[in-house]
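To find a chain, count down the sequence lines: A is the first, B the second, and so on, and within it residues start at 1.
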Amino acid sequence: MRVRFAPSPTGQLHVGNARTALFNWLLARGGSGGVFILRIEDTDAERSTRESEAAMAEDLRWLGLDWDEGPDIGGPHGPYRQSERLHLYQSYAQELLSAGNAYYCFCSPGQLEADRQAALSEGRPVKYAGTCRQLSAVQVAGRLTAGEHAAIRFRVPERDAVVFTDLVRGEVRFAIDVIGDPVVLRADGTPAYNFAVVVDDALMEVTHAIRGEDHLSNTPRQILLYDALGFTPPQFAHLALVMGPDHSPLSKRHGATSVAEFRTRGYLPEAMVNYLALIGWSPRGDAADSSSGDDSELVPIDQLARRFSLDRVGHSPGVFDEEKLAWVNRHYLKTADPARIAELSVPFFVEAGIPMAPDDVGIRFLTAAMAMVTSSVDRLSQVPARLAFLFDYDAERTLTDEQLRREMSSEGARAVAVALAEELAGAPRLDRERFRAVASQVKARTGQKARALFHPIRLALTGRPEGPELDLAVPALDLGADLPTHAGIPPIAGSRERAAAFAAAL
RNA sequence: GUCCCCAUCGUCCAGAGGCCCAGGACGUGGCCCUUUCAAGGCCAAAACACGGGUUCGAAUCCCGUUGGGGACGCCA
């Protein structure tokens, strides 16, 4: 099986396209000997950029979708950029021409547009009127030598219909008379999309063309082209599109739409992949796994590759649901290696204004601290706020808060803060056990318990009314307080210093 | 306008004629756990678009309507 992902490098990798890429990749990796090809469709020189191509490649790699043949690594059927294959398209266009399956078209863009509008307003099917179809060889030669620019159009053959079997939709039929003669080569010698795909898919020996549903109505045109060129068409599979919450195509006004944006929002690639697979496909109900009773929707990529199949892909458009993505992300955040999460969260700290350039010692500290946040956070971008209490502590500032000041104004709360400071004065750094011991000392001395005990302690030591469990937060503070400066982490005040400062500020 | 595709809870899916007065997941609501916010556990509400057929029997098959999406480019 040879499949391909063929983006046009005109911007960011859209999540809808990422899903198409994923489905192709899963199929290639699921069986044995599958080949996944990356082809760049850059025939639109105006809009295509190398920057975009590089960005898309990076996004694919980030997702974990590697390719076996592509512009950067080559392969037996290269080149893999359409802009570098122009000679191929030209020679196949000549072949069509000499076989009488194509003809020169001198119609001006203005003329074509006028025809279109006329057809539209008269309620006729919109397709090429066939103006240049019957031009004689002499006429053509004359106009060509006169220097007129001409495109080359494919001559759609006389037939009833084009019928093909779509792997996800079943039999699809198009009457021939709705298909106008498509341009094969533009006047500037570059190929039109429908022609380039056919030549490329044939030459690259693509066996399955798996793409978005927006290409469904292009398919009959392409099949006709395969026939005229003497190629065997691949199998086709058209995937329903990904929509926004209002069922219109997912676009910027719905929020993030590109893989890169989701990455900068702090989603993990494995979450993105798992979630994308869940739009239009489900791990439930396939025979292999219903027996094992495993119907969890949390399926890592290698399992996806094993279980994915086209015949279980849905037919209707799916709404992209960021809430569910977040849920999937939470799962992977919790199960991922904390060291990796620590590593990945560094740029998010910087982004949040907490300078962070950790060395090995710093990373070890962050890694230890990760344990108390990954279970309560949706995305990496929320990690800094959750850990800000470590690096950003100011007793005075905390007590400026109206609400918190009031909470600390009670007899009991003050007593707790004072007792805490006294217990901690001169005390060694706290680990979990020592913190518990201190807490019960304070409890014994003040008679406060539960919330009345721990809330003032939290305020005093973290400066915030909420946050991770104190059992974890306090030892982290004191671990951080002794960090060497080379660790690359902002200075952290220890519990002893905080308790003293807080009591003083009361 | 013409052609093509699609149609189960708010959302993503399961359901391939009786197992379905429809099942799971996300989200939502409630309860529990709890030193806070989360997380976690449990429970609940929530759908077969509509109308005709076919059949002993339809969410499942057929037709139509409606609704949504796509295409109709010398964009891809």
Side-chain angles (χ1 to χ4, degrees), chain A residues 6-8 10 41-44 46-48 82 105 107-109 112-113 116 119-128 149-153 166 168-169 172-175 177-180 182-188 190-194 196-197 211-221 238 240-241 243 245 247-249 275 278-286 290 295-298 312 314-328 330 334 373-378 382 386 439 449-459 462 464-471:
Chain A
S8 163
T10 56
E41 311 223 320
D42 57 351
T43 56
D44 185 342
E46 290 292 303
R47 299 194 305 148
S48 301
Q82 290 187 330
C105 173
C107 296
S108 71
L112 260 14
E113 185 53 29
R116 240 190 308 279
L120 216 43
S121 64
E122 289 166 32
R124 283 183 289 117
V126 180
K127 63 170 198 175
Y128 178 59
H149 285 282
I152 297 174
R153 276 186 196 273
D166 187 282
V168 352
R169 279 149 218 290
V172 182
R173 158 185 300 264
F174 288 85
D177 49 308
V178 304
I179 307 172
V183 166
V184 135
L185 226 50
R186 300 172 191 137
D188 67 2
T190 61
Y193 165 76
N194 279 302
V197 240
R211 46 167 37 173
E213 195 189 358
D214 47 341
H215 292 295
L216 187 57
S217 42
N218 283 322
T219 307
R221 238 178 290 277
H238 291 94
L241 271 18
M243 312 304 267
H247 292 94
S248 69
Y275 175 66
L278 258 21
I279 307 177
W281 178 83
S282 159
R284 311 187 85 247
D286 63 306
S290 60
D295 58 1
S296 169
E297 296 186 332
L298 299 167
R312 294 192 46 74
H315 299 184
S316 47
V319 171
F320 189 94
D321 180 7
E322 191 167 347
E323 295 277 12
K324 188 150 183 176
L325 203 214
W327 170 73
V328 177
R330 225 145 51 213
K334 274 185 273 203
V373 289
T374 49
S375 64
S376 59
V377 116
D378 285 345
Q382 296 165 340
R386 195 79 182 158
K449 55 184 182 184
R451 189 188 163 91
L453 172 67
F454 286 101
H455 200 63
I457 294 181
R458 173 177 296 284
L459 250 24
T462 72
R464 289 160 174 77
E466 56 182 55
E469 284 177 58
L470 287 173
D471 269 2

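- The separation between A:Leu325 atom CG and B:A25 atom P is 19 Å, rounded to whole Å.
- A:Gly180 comes within 4.0 angstrom of nothing in the nucleic acid, heavy atoms only.
- Base pairing analysis places B:C21 opposite nothing; no Watson-Crick or G-U wobble pair with both distances below 3.5 Å involves it.
- As the counterpart of B:G57, no nucleotide is assigned, since no Watson-Crick or G-U wobble pattern has both distances under 3.5 Å.
- Pair assignment for B:U36: none, as no Watson-Crick or G-U wobble contacts are both less than 3.5 Å.
- Comparing B:C3, B:G68, B:G70 by their nearest atom to the side chain of A:Val178 picks out B:C3.
- A:Arg458 contributes a side-chain N or O that forms a donor-acceptor pair with the base of B:U36 under 3.5 Å.
- Figure legend. B:G1 is base-paired to B:C72; pairs are counted as Watson-Crick or G-U wobble with both atom distances under 3.5 Å.
- Summarising the geometry of A:Leu112 relative to A:Cys107, their closest heavy-atom pair is CD1-CB, 3.5 Å, with the distance given to 0.1 Å.
- Closest to the side chain of A:Arg47, from the set B:U36, B:A38, B:C75, is B:C75.
- Residue A:Ser316 is classed as a sugar-phosphate contact, given heavy-atom separations below 4.0 Å to backbone atoms only.
- Between the NZ atom of A:Lys324 and the C1' atom of B:C12 there is a distance of 5 Å, rounded to whole Å.
- Here the nucleotide nearest the side chain of A:Trp327, chosen from B:C4, B:C26, B:U36, is B:C26.
- If you check every strand for non-hydrogen atoms under 4.0 Å, A:Gly467 touches a base.
- Checking B:C75, B:C74, B:G15 against the side-chain heavy atoms of A:Ala151 singles out B:C74 as nearest.
- With a 3.5 Å ceiling on both atom-pair distances, the Watson-Crick or G-U wobble partner of B:C42 is B:G30.
- As rounded to the nearest Å, B:U66 and B:G52 have C1' atoms that lie 14 Å from one another.
- The distance from atom CG of A:Asn194 to atom P of B:A76 is 9 Å, rounded to the nearest whole Å.
- A:Leu278 comes within 4.0 angstrom of the backbone, heavy atoms only, and of no base.
- Nearest-nucleotide mapping onto RNA chain B: of A:Lys334 and A:His215, the residue sitting toward the 5' end is A:Lys334.
- Residue A:Val319 places its side chain closer to B:U11 than to any other of B:U11, B:C5, B:A76.
- At a threshold of 4.0 angstrom between heavy atoms, the contacts of A:Glu323 are confined to the sugar-phosphate backbone, with no base atom among them.
- Taking the side chain of A:Arg451 as heavy atoms from C-beta on, and the options B:C75, B:G68, B:U35, the nearest nucleotide is B:U35.
- Atom P of B:C19 sits at a distance of 38 Å from the matching atom of B:C32, rounded to the whole Å.
- Nucleic acid contact for A:Leu112: base, since at least one base atom lies under 4.0 Å from a heavy atom of the residue.
- At least one donor-acceptor pair under 3.5 Å links the side chain of A:Ser376 to the backbone N or O of A:Val373.
- Note on A:Ser121: nothing from the nucleic acid sits closer than 4.0 angstrom, heavy atoms only.
- When the C1' atom is compared between B:C56 and B:C3, the two are found 41 Å apart, to the nearest whole Å.
- Taking only side-chain nitrogens and oxygens, A:Thr43 comes nearer than 4.0 Å to OP1 or OP2 of B:A76.
- Rounded to a whole angstrom, the distance from the C1' atom of B:G29 to that of B:G10 is 14 Å.
- Note on A:Asp166: nothing from the nucleic acid sits closer than 4.0 angstrom, heavy atoms only.
- Counted within 6.0 Å of CD on A:Glu46, heavy atoms from surrounding residues, nucleotides or ligands total 12 or fewer; the atom is thus considered open.
- In this structure a side-chain-to-backbone donor-acceptor pair under 3.5 Å is missing from A:Tyr275 to A:Phe320.
- In this structure, of B:A76, B:C12, B:A71, it is B:A71 that holds the atom nearest to the side chain of A:Ser217.
- Applying the 6.0 Å contact sphere to CZ of A:Arg124 captures more than 12 heavy atoms from other residues, nucleotides or ligands.
- Taking only side-chain atoms of A:Glu469, from C-beta outward, the nucleotide of B:A38, B:U36, B:U35 with the closest atom is B:U36.
- Nucleic acid contact class of A:Asn218 (heavy atoms, under 4.0 Å, all strands): base.
- One atom, CZ of A:Arg464, and another, C1' of B:U35, lie 18 Å apart when rounded to the nearest Å.
- If you check distances only, the side chain of A:Arg116 never reaches the base of B:C72 with a donor-acceptor pair under 3.5 Å.
- Phosphate proximity of B:A76 to A:Arg186: present, with a side-chain N or O under 4.0 Å from OP1 or OP2.
- The same atom, C1', is picked in B:A16 and in B:G23; the two are 16 Å apart, to the nearest Å.
- Contact of A:Glu297 with B:G24 (side chain to base): a donor-acceptor pair of N or O atoms is detected under 3.5 Å.
- Looking at A:Glu41 and A:Val197, their side chains come closer than 4.5 Å, going by heavy atoms from C-beta outward.
- With A:Met243 as reference, A:Pro317 is the one residue of A:Pro317, A:Ser248, A:Ser316 to meet the side chain to side chain contact (heavy atoms under 4.5 Å, CB included) rule.
- Across B:U35, B:A76, B:A71, the shortest atom-to-atom separation from the side chain of A:Arg221 is found for B:A71.
- Using a 4.0 Å heavy-atom distance criterion, A:Pro468 is classed as a base contact.
- Here the side chains of A:Lys127 and A:Val178 are not in contact, with every heavy-atom distance at 4.5 Å or above.
- Using modelled atom types, no side-chain atom of A:Asn218 and backbone atom of A:Asn194 make a donor-acceptor pair closer than 3.5 Å.
- Annotation: B:A58 and B:G18 have their P atoms spaced 11 Å apart (nearest Å).
- Atom CD1 in A:Ile179 sits roughly 16 Å away from atom C1' in B:G73 (whole-Å rounding).
- We find that CZ of A:Arg169 is positioned 19 Å from P of B:C3, with the value rounded to whole Å.
- Contact between the side-chain N/O atoms of A:Arg312 and the OP1/OP2 oxygens of B:G15 is found at a separation under 4.0 Å.
- With both pairing distances under 3.5 Å, B:G51 is matched to B:C63 as a Watson-Crick or G-U wobble pair.
- Looking only at atom types and distance, the side chain of A:Thr190 has a donor-acceptor partner in the side chain of A:Arg186 under 3.5 Å away.
- The nucleotide whose nearest atom lies closest to any side-chain atom of A:Ile279 is, among B:C75, B:C6, B:C13, B:C13.
- Residue whose closest nucleotide on RNA chain B sits further toward the 5' end, between A:Arg330 and A:Glu122: A:Glu122.
- When the C1' atom of B:G73 is taken as reference, atom CD of A:Glu113 falls 8 Å away, rounded to whole Å.
- Comparing B:C43 with B:A38, their P atoms sit 22 Å apart, to the nearest whole Å.
- Atom name P, nucleotides B:U65 and B:C26: the rounded distance is 40 Å, in whole Å.
- Put simply, CG on A:Leu241 is 17 Å from C1' on B:U11, counting in whole angstrom units.
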